[in-house]
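Here is the naming used below: chain letters follow the sequence lines, and residue numbers restart at 1 for every chain. It should be emphasised that the depicted structure is a prediction, and the values quoted were computed from it without experimental measurement.
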Amino acid sequence: MLKIIIPTIMLMPLTWLSKKNMIWINTTTYSLLISLISLSLLNQPSNNSLNFSLMFFSDPLSAPLLVLTTWLLPLMLMASQHHLSKEPLIRKKLYITMLTMLQTFLIMTFTATELISFYILFEATLVPTLIIITRWGNQTERLNAGLYFLFYTLMGSLPLLIALISIQNLTGSLNFLLIQYWNQALPDSWSNIFLWLACMMAFMVKMPLYGLHLWLPKAHVEAPIAGSMVLAAILLKLGGYGMLRITTMLNPQTSFMAYPFLMLSLWGMIMTSSICLRQTDLKSLIAYSSVSHMALVIVAVLIQTPWSYMGATALMIAHGLTSSMLFCLANSNYERTHSRTMILARGLQTLLPLMAAWWLLASLTNLALPPSINLIGELFVVMSSFSWSNITIILMGANITITALYSLYMLITTQRGKYTHHINSIKPSFTRENALMALHMTPLLLLSLNPKIILGFTY
Amino acid sequence: MNPLIFTTILMTVLLGTMIVMMSSHWLMIWIGFEMNLLAIIPILMKKYNPRTMEASTKYFLTQATASMLLMMAIIINLMHSGQWTIMKVFNPTASIIMTSALAMKLGLTPFHFWVPEVTQGISLTSGLILLTWQKLAPMSILYQISPSINLNILLTMAVLSILVGGWGGLNQTQLRKIMAYSSIAHMGWMTAVLAYNPTLTMLNMLIYIMMTLTMFMLFIHSSSTTTLSLSHTWNKTPLTTTLILITLLSMGGLPPLSGFMPKWMIIQELTKNSSIILPTLMAIMALLNLYFYMRLTYSTSLTMFPSTNNMKMKWQFETKRITLLPPLIVMSSLLLPLTPMLSILD
């Protein structure tokens with residue numbers, strides 16, 4: 001695992017010592033190379049985990065997330081080149097350093113064995129993200145967005161620290177490798193109910209759960225493009241990953257404690273999808289669609305069946321790539337018109353036909369078109385929730401319909417129809433942007449050929 | 001002030017604290033406190049104006065009251081145990097009186113009212129000495145009598161201090177008052193764990209002193225005493241804005257910075273001793289502290305002017321020399337991986 005962590009840390013001296021015309025080239029190239037190294041982790045020989053040391057391990061759940069994280073760094077760097085081009089050199093280097101620091105913490109989080117180490121790194125990812133959102137965001141609301149982001153997450157995660165320490169007290173060790181063998185049923189008592197709540201709330205806020213999702217539209221909208229990408233693609237999945245890890249220790253309370261959260265998620269996914277239909281702000285639409293997809297993941301994790309875990313993992317990877325791609329597309333609009341309002345830049349298919357192709361592919365994967373992995377994820381979740389309770393099929397079906405509705409609404413508003421007359425002087429698509437979209441789309445399409453690698457540890 | 005006299009007075013302050021920390025006779029401890037108090041009054045009044053006079057008077061009155069209460073507790077202890085050696089206090093009344101006296105000296109709630117006003121009235125360097133060095137002596141006595149302190153009083157004072165330190169700092173724009181309320185909150189954290197594991201009190205004290213020292217050095221360097229003047233540091237030395245950001249986040253207790261270490265260790269110790277609601281409450285109240293630190297970082301480092309500093313330079317006199325700033329910064333932000341070395345503090 002050090003073969004991934006140390007090169008990522010060394011990306012920081014690389015940025016600070018590079019010449020002015022080489023910073024983007026150097027960092028993008030080397031981060032791509034690091035992502036190639038991480039691909040070797042996808043070879044998981046058995047259902048058991050690959051243990052690299054006492055502190056780092058990778059298992060069929062964390063390996064795809066790790067590959068996604070390392071794949072995303074070069075993409076973030078490519079996406080940020082335009083909006084940072086006018087900044088002084090030191091600020092560019094600071095930005096890349098923030099991204100690299102975030103990347104290091106994320107890699108260590110996904111491979112941590114000890115749960116307290118996972119917690120510290122989970123919290124540590126907040127600081128660079130906060131700095132990226134607040135310093136390099138574009139509107140005044142970014143200050144508020146940063147505060148909401150920081151305090152929502154911290155309020156949820158401080159009880160988690162205390163819960164982890166009390167579990168360590170009870171069971172003797174928090175090392176994940178040991179817990180899988182040591183696991184005992186949690187006795188039924190009031191304090192164990194609070195323990196369950198304390199463990200789960202941090203991840204619920206991160207996912208986010210419908211009632212606690214207020215930070216997400218703010219943070220996603222106000223963040224610069226790399227911030228939005230990493231937030232949507234990885235940081236939300238931290239919550240899902242944490243939930244998947246910690247629910248193994250929390251039986252049997254989950255069978256009755258999960259009901260309120262299941263109801264909130266089932267209702268919330270419909271509500272947030274419906275709000276997407278009425279959004280005027282493009283990034284806000286994509287942010288609410290993230291909440292909706294993550295609500296599906298929460299439902300899957302709380303049901304706790306093998307199929308639902310497979311669906312949750314597949315959906316996390318698929319949504320990461322899709323959502324990040326949608327944010328990149330929205331950003332390509334924003335860089336040209338400097339506005340996120342959807343109706344201001346319509347009919348782009350006439351002006352930028354190749355970008356329209358990427359818009360089409362992204363919208364199609366967002367609405368879970370077969371045979372993409374989005375569909376596999378959603379289908380597994382729908383099927384397992386149907387087996388859990390037959391009535392959920394109504395809500396799930398309604399959600400799929402509304403998702404299709406808003407994805408097509410987004411596509412048609414931005415691409416089809418007559419173009420607005422004031423945008424006929426926009427710059428054509430850069431090769432960098434097309435490469436960015438291709439690099440997002442290719443894993444999505446290729447994974448549909450062999451989804452086994454992203455189906456997680458219950459395959 | 002004449003440098004020779006200033007050195008003598010400063011040495012007396014140091015000597016007073018040293019006497020307190022190293023004595024085994026209760027009377028010597030009291031003498032040490034008095035020496036400390038009398039010598040620090042001229043330091044607090046380095047600039048001679050009514051503000052500092054008022055602040056020094058308030059400080060003198062509270063500390064003298066505390067010393068008198070301490071003397072009373074010592075005498076009651078003498079009556080009940082017949083000896084002057086420092087070990088645990090033998091009588092519950094004496095223990096309560098002594099705890100209150102030391103709380104007054106430290107600035108714990110409900111005796112915290114002097115801290116913001118005194119800190120505000122004096123210069124930055126004197127404020128630095130007040131909030132860091134002056135906490136050492138009372139804390140060392142608390143450490144030594146910790147087996148006999150009434151747990152109810154101690155924990156009530158601790159939790160109330162964290163609350164007051166959190167909420168009190170929310171409405172402030174003066175940096176010295178913000179640091180005063182932060183000191184009250186940190187003292188609360190330190191006393192909460194005193195009954196469970198006094199080593200962690202010492203750890204918290206060490207890290208708190210480092211972080212407060214760093215913050216004050218940064219304030220002295222940019223000669224800023226209000227949030228407004230702190231927000232102009234980007235113009236003087238842009239690097240210090242980043243340093244202020246890192247140190248403030250460390251004071252707020254965010255991982256992976258070293259300010260998280262004492263909070264984590266204290267929460268761990270409290271949870272291991274089966275008190276779960278208390279650390280939860282303390283941890284959530286620490287978020288209030290984080291809020292006003294975040295406000296400071298917003299105005300200082302996170303809303304910087306869009307271009308580099310070629311456009312306007314603020315007129316400033318010669319650069320002030322800041323002692324030991326790089327090691328302090330490193331220690332106040334990067335010490336978290338060294339947590340296993342806690343055992344040297346035992």
Side-chain angles (χ1 to χ4, degrees), chain A residues 86-91 94 97-98 101 104-105 108-109 116-128 130-138 140 142-144 146-170 191 194-195 197-198, chain B residues 234 238-239 241-242 245-246 248-250 252-257 259-261 263-295 297-310 333 336-337 339:
Chain A
K86 299 258 178 6
E87 297 234 354
L89 185 62
I90 294 196
R91 305 252 172 102
L94 263 175
T97 312
M98 286 296 129
M101 224 193 294
T104 322
F105 289 141
M108 295 207 283
T109 320
I116 297 253
S117 148
F118 167 78
Y119 173 81
I120 293 184
L121 295 162
F122 176 82
E123 296 285 295
T125 57
L126 287 178
V127 175
L130 175 76
I131 297 179
I132 293 177
I133 296 179
T134 345
R135 169 66 187 90
W136 277 281
N138 276 322
T140 1
R142 70 188 198 269
L143 302 174
N144 220 8
L147 277 176
Y148 265 75
F149 170 63
L150 187 68
F151 281 94
Y152 264 66
T153 317
L154 278 177
M155 276 293 254
S157 61
L158 282 169
L160 174 66
L161 177 63
I162 296 169
L164 285 178
I165 296 179
S166 58
I167 293 180
Q168 183 179 32
N169 229 3
L170 283 173
S191 55
F194 282 108
L195 185 73
L197 272 177
Chain B
W234 68 267
L239 182 60
T241 55
T242 322
L245 169 69
I246 298 177
L248 277 173
L249 288 179
S250 182
L254 280 187
L257 303 165
F260 178 61
M261 186 187 353
K263 294 203 163 62
W264 173 25
M265 290 290 116
I266 290 178
I267 291 179
Q268 183 163 11
E269 197 61 39
L270 285 170
T271 320
K272 282 199 168 131
N273 282 306
S274 308
S275 86
I276 308 230
I277 304 183
L278 180 68
T280 323
L281 197 64
M282 283 164 57
I284 296 189
M285 288 302 146
L287 286 180
L288 284 168
N289 265 347
L290 183 64
Y291 178 70
F292 57 79
Y293 297 144
M294 284 311 302
R295 229 179 15 199
T297 62
Y298 274 5
S299 62
T300 314
S301 32
L302 287 176
T303 48
M304 282 192 277
F305 200 69
S307 75
T308 43
N309 206 7
N310 294 326
S333 49
L336 191 64
T339 314

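- Residue A:R135 comes nearest to A:R91 through the heavy atom pair NH2-NH1, 3.0 Å, listed as atom of the first residue, atom of the second, then distance.
- The 12-atom threshold is not exceeded at CZ of A:F194, counting heavy atoms of other residues, nucleotides or ligands nearer than 6.0 Å.
- No side-chain donor-acceptor contact under 3.5 Å links B:S250 to the backbone of B:I246.
- The contact between B:L336 and chain A is made entirely by side chain atoms (from C-beta outward), counting heavy-atom distances below 4.5 Å.
- Shown here for A:G146 and A:L130, the closest heavy-atom pair between the two residues is O-CD1, 3.4 Å.
- Put simply, of A:I90, A:L126, A:L150, the one with the most heavy-atom pairs under 4.5 Å next to chain B is A:L150.
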- request: Show your working on side-chain contact (heavy atoms from CB on, under 4.5 Å) between B:E269 and B:M265 and close with a plain yes or no.
  value: CA-CA 6 Å; B:E269 197 61 39; B:M265 290 290 116; over 6 Å; no

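- Interface remark: A:L158 contributes side-chain atoms only to the contact with chain B (heavy atom separation under 4.5 Å).
- Looking at A:Y119, only its side chain comes within 4.5 Å of chain B, counting heavy atoms on both sides.
- Pairing each heavy atom of B:K272 with each of A:N169, the nearest pair is CA-ND2, 3.1 Å.
- For chain A, no part of B:T242 is nearby; none of its heavy atoms comes within less than 4.5 Å.
- Only the side chain of B:F260 comes within contact range of chain A, with at least one heavy atom under 4.5 Å from a heavy atom of that chain.
- In this structure, the portion of B:L254 lying under 4.5 Å from any heavy atom of chain A is its side chain and not its backbone.
- Of the two parts of B:L290, the backbone and the side chain both hold a non-hydrogen atom closer than 4.5 Å to a non-hydrogen atom of chain A.
- Minimum interatomic distance between B:Y298 and A:L143 (heavy atoms only, all atoms of both residues): OH-O, 2.9 Å.
- The part of A:L161 that comes within reach of chain B is its side chain, from C-beta onward, which places non-hydrogen atoms under 4.5 angstrom from that chain.
- Taking all atoms of both residues into account, the shortest heavy-atom contact from B:I276 to B:T280 is O-OG1, 2.6 Å.
- With chain A as the partner, the residue from B:L257, B:I267, B:L245 showing the most heavy-atom pairs under 4.5 Å is B:I267.
- Using a 4.5 Å cut-off between heavy atoms, A:I116 touches chain B through its side chain atoms alone.
- Of the listed residues A:L94, A:V127, A:I120, the one with more heavy-atom pairs under 4.5 angstrom with chain B than any other is A:I120.
- Using a 4.5 Å cut-off between heavy atoms, B:L249 contacts chain A through its side chain alone, with no backbone atom that close.
- Contact record, B:K263 with B:A286: CE-CB, 3.8 Å, taken as the closest heavy-atom pair.
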